[in-house]
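This structure is a prediction, so every number in the text was calculated from the model and none was measured. Every chain is numbered from 1 and lettered A, B, ... according to where its sequence line falls, protein lines coming before strand lines.
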Amino acid sequence: MDWPRIRTDFPILDQQVHGHPLVYFDNAASSQKPRSVIEALVHYYQCDNANVHRGLHELSMRATDAFEAVRGKVARLIGAAREEEIVFTRGTTESVNLVAQIWAQQFLKAGDVILLTGMEHHSNLVPWQLAAKRSGAVLKHIPVLEDGTLDLSTLDSLMTEQVKVFSCVHISNSLGTMNPVRELCARARAVGAMTLIDGAQAVGHVPVDVQAIGCDFYAFSGHKMCAPTGIGALYGRYALLESMDPWHGGGEMINRVTLETSDYKAPPARFEAGTPDIAGVIGLGAAIDYLNSIGIAAIEARCAELTKLAYTRMSELPGIRLLGPESPRGALVAFALECAHPHDLVEFANTQGLALRGGHHCTQPLMKRFKVPGTSRASFYFYNTEAEVERMMDILHQAVTFFS
Amino acid sequence: MDWPRIRTDFPILDQQVHGHPLVYFDNAASSQKPRSVIEALVHYYQCDNANVHRGLHELSMRATDAFEAVRGKVARLIGAAREEEIVFTRGTTESVNLVAQIWAQQFLKAGDVILLTGMEHHSNLVPWQLAAKRSGAVLKHIPVLEDGTLDLSTLDSLMTEQVKVFSCVHISNSLGTMNPVRELCARARAVGAMTLIDGAQAVGHVPVDVQAIGCDFYAFSGHKMCAPTGIGALYGRYALLESMDPWHGGGEMINRVTLETSDYKAPPARFEAGTPDIAGVIGLGAAIDYLNSIGIAAIEARCAELTKLAYTRMSELPGIRLLGPESPRGALVAFALECAHPHDLVEFANTQGLALRGGHHCTQPLMKRFKVPGTSRASFYFYNTEAEVERMMDILHQAVTFFS
Amino acid sequence: MALSDELRDLYQQVILDHSRNPRNHGELTGDCIHVHGDNPTCGDEIDMWVKFGPEGQVEDIKFTGQGCAISQASASMMTVKVKGEGGAKVKTMLEDFRHIVLGDAPLQDEDALGELILLEGVQKFPQRVKCAMLGWRALEQAMGEAAHA
Amino acid sequence: MALSDELRDLYQQVILDHSRNPRNHGELTGDCIHVHGDNPTCGDEIDMWVKFGPEGQVEDIKFTGQGCAISQASASMMTVKVKGEGGAKVKTMLEDFRHIVLGDAPLQDEDALGELILLEGVQKFPQRVKCAMLGWRALEQAMGEAAHA
Ligand SMILES: Cc1ncc(COP(=O)(O)O)c(C=O)c1O
Ligand SMILES: Cc1ncc(COP(=O)(O)O)c(C=O)c1O
């Protein structure tokens, strides 16, 4: 694979920040966009823009065709059985909330157990806290071991018949941990629980096959996989989607409407009220085409290479503590320096052109678990380079000198 | 105002459809985008893209600053008292649903009345049907007179102390009717009702001042006012927003999170869980700048001119029925032809390069009220021209000949 | 300003004629099956009355409705062709008509459909397929109800 | 690869020294006011104990906490300067310190703040203002509670 050429597909990377070449290692927060995705947006707005689904005129038909074609692309990317299992949303957060509102409202009762893990992103924790409050269900959490993996020895006692929802993150954005989602979903299915996987860090990074995982729902965001901001998807097994009440009311999700009452379309339309983010969906399609042109397996291998290099080199730094298992891990390394608080370090790095993220990474309970106020995180994508990792090491060494 | 030059700001308009110059008269469904908005998106993705709010690095700070600056622009555009009264949403539909879910769930009781009108878009009807079902509240509707205006003589009997919610459309997308929202909100306030105005067809088309209107909430979509798809806003009086429970759980809407419970940020953050549509918001800001550079009053006058011409010329067509009041009216003319069903007419027009919309326009009850299966609609924006109106007239005359 | 060929194909004179003067228009009374069909997103509606014979043949058929030229003409042309035909033949016609508007397979019995073949212009207008099928779907429903009666 | 001047301004040696060796670190016991402050999005936390005199003067003050160098150094430097000062003067210092980090107004009493002026480097890093203010907001809260006690 010609990675240096691929890197040139990303115009944003070619810039100076504070007089230094930008090193963008905040990919787990949001990825950059290749030229082909930006061009897809421009093309849409310059040639085809119109509202979808309701129009019989040329632009509307073009927009509708381009929009609907993406559903199939998403379905194929994550191994869904049919494209009607893909509901477009703003991203992971909205996807989880849809399920935690609608499914939970219909099927959760007081005393039921919602089983999560101790490493969930706030977006897969707070919606369930709200659902628990509304339904009277009880939240439980699979604990996290010191090495950043789940304590699976607790499963026998935690995965009981009371568990009606099991949800966990596929790849942790704070630890890099890759959870055994297939095994966990099998255990959850065995007790009759509904399962939802938070794939924000997985789709577009590693091969994902929702049917092999055996989950009922799978949520992800486009902006972390080269697509525009504001678009993502919820995968749902069709039978489950079909069993669910509508979510938002409005145009496009109804069949017949009278002043008093309405009946609703079949999924996915039932859950897509109002004018969707048409350009966002088309951009998501372009991102999928782009990622496929490289190959998800090649992307995964490239990220693993960079991550391994970073992990090894960083572990040599004095006074550093690396969180999460050494391997397998997602494309990120989270760490704490004895001498510097994450915000001081990230500030320091920024003045050298290096974009790191510092803080709780939307996982406050996990920070408490590891007794750190926050961590610093370097996260990679396939367009990053070994030279950038070396540059980061220079900067980290400087920081250690500066703050010690 | 140099309207011909302004028209050249819209690259999409300069194209042939089926061998004829495109005449885009489907603006009420979605407007086109000026070059400056498209360029704002490109600039964002090529220079500044990063996740907002959580980053201390350069790109994240640039993205956050650009994103947050738009809140003030929106606030000024619609006359909000402070920018914290602006919640970014996907559009009108999501804005209405937020209120119909959260406000209604907290404050609506069985037997309360939700008062709407007979001309609401499904997006401002179905969410209230769902809220009524959940709460046991009762839906009532101000009837629509034959001329397409509201029957205000019914207000004395309808606007009672039982009314807890009053909501109506500012400018009807199906009739063009401009409702007296200020007077209606005053009546609703007098009985202690919460008020929400659906401004999908108003913002960016006529001057809007939420404080002068005196509404509690105001909803609109960016895509109908030159902004990208997938972005819009909900205005809410701050005291009301503050009194409301959170909506979606997730990143950015919380302060402190433990595994068991969380506390929530003040509005607007409370209602903006997860990564927002950053580029969409920035595009919305560019659209507001663009519209302001022309002037909303000038846009309103230009649209009124085009609409008046179209209305006058169309009323001369044999066998035509024009819906809604002659004036004042929004920038659209909806009509029924004796000789042709709307879908036949729109199909015919499309083969001549003319984009009309035909159908129920997401107002099925209103179609029933006027005893039509649907209507055809020509809707205008400031970049349309008199010559395009004349071209439409040619095509309509041909259609009458063809179908009679 | 010539009309496009596709548009002329879609709205052949015969089709426009059927839409303006639908055949078998009205209601049947007595022992017959009544079904209602619609395309909610279009607002097209149809009411259809069918009297089936003992062997399932279509002894009489009438309809009323409102909608676009394609939906009304297609229903009208259908009634002319199915009246008097046996159940098996009508089923084949239904399948063949679907092939006509979708253009997805060769016909089993081209002759049976006669001028209905003119509706193949719909192939170029995929969003009108459901208009052309409205009457046929109603007939299909009526046949289903007859079989279960 | 020179460090930027702005970064050197933000992390002056004095500031780094205070953050590594915070003054007045620890807890007060006995008759005093205890407040807790935090910046939840940063994870910065502070616990502060203040003993006020009968006229509202700060007789003693101590703190513990965790957080970035700016938040801890600012709190440490503050305790040094406010200890022994009267209530009115501390209020002015609080207002002036806010002006220092926001750069939004001239100071009323520059001398009183002494080396705290070094924190004006924060002006270039607006997202760090809340770090610099953490200790001061805790003190403000303690003064409020003392007034209502
Ligand atoms: C009056 C009115 N209300 C609501 C809507 C819904 O807006 P959106 O689809 O952008 O959510 C529209 C447009 O479709 C409209 O015209
Ligand atoms: C693991 C994980 N889950 C959920 C989210 C939330 O995604 P979004 O903010 O795109 O909704 C993120 C990213 O922020 C994440 O990393």
For atom [atom1] of [X], is the number of surrounding heavy atoms from other residues, nucleotides or ligands below 6.0 Å larger than 12?
{"X": "C:N21", "atom1": "CG", "answer": "yes"}
{"X": "B:E338", "atom1": "CD", "answer": "no"}
{"X": "C:D17", "atom1": "CG", "answer": "yes"}
{"X": "C:E59", "atom1": "CD", "answer": "yes"}
{"X": "C:K62", "atom1": "NZ", "answer": "yes"}

Where is the tightest heavy-atom contact between [X] and [Y], given as atom of each residue plus distance?
{"X": "B:H343", "Y": "C:C68", "answer": "CB-CB, 4.2 Å"}
{"X": "C:L7", "Y": "B:E347", "answer": "CD1-O, 4.1 Å"}
{"X": "B:F402", "Y": "C:R20", "answer": "O-NH2, 3.3 Å"}

Contacting moiety of [X], where chain B heavy atoms sit under 4.5 Å:
{"X": "C:L10", "value": "side chain"}
{"X": "C:Q72", "value": "neither"}
{"X": "C:F125", "value": "side chain"}

Pairs of heavy atoms under 4.5 Å with chain B: top-ranked of C:E6, C:R128, C:E45: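 Option with the greatest count: C:R128.
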Note, C:Q66 side chain near B:V372 side chain (heavy atom, < 4.5 Å):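 Contact flag for C:Q66/B:V372 side chains = no.
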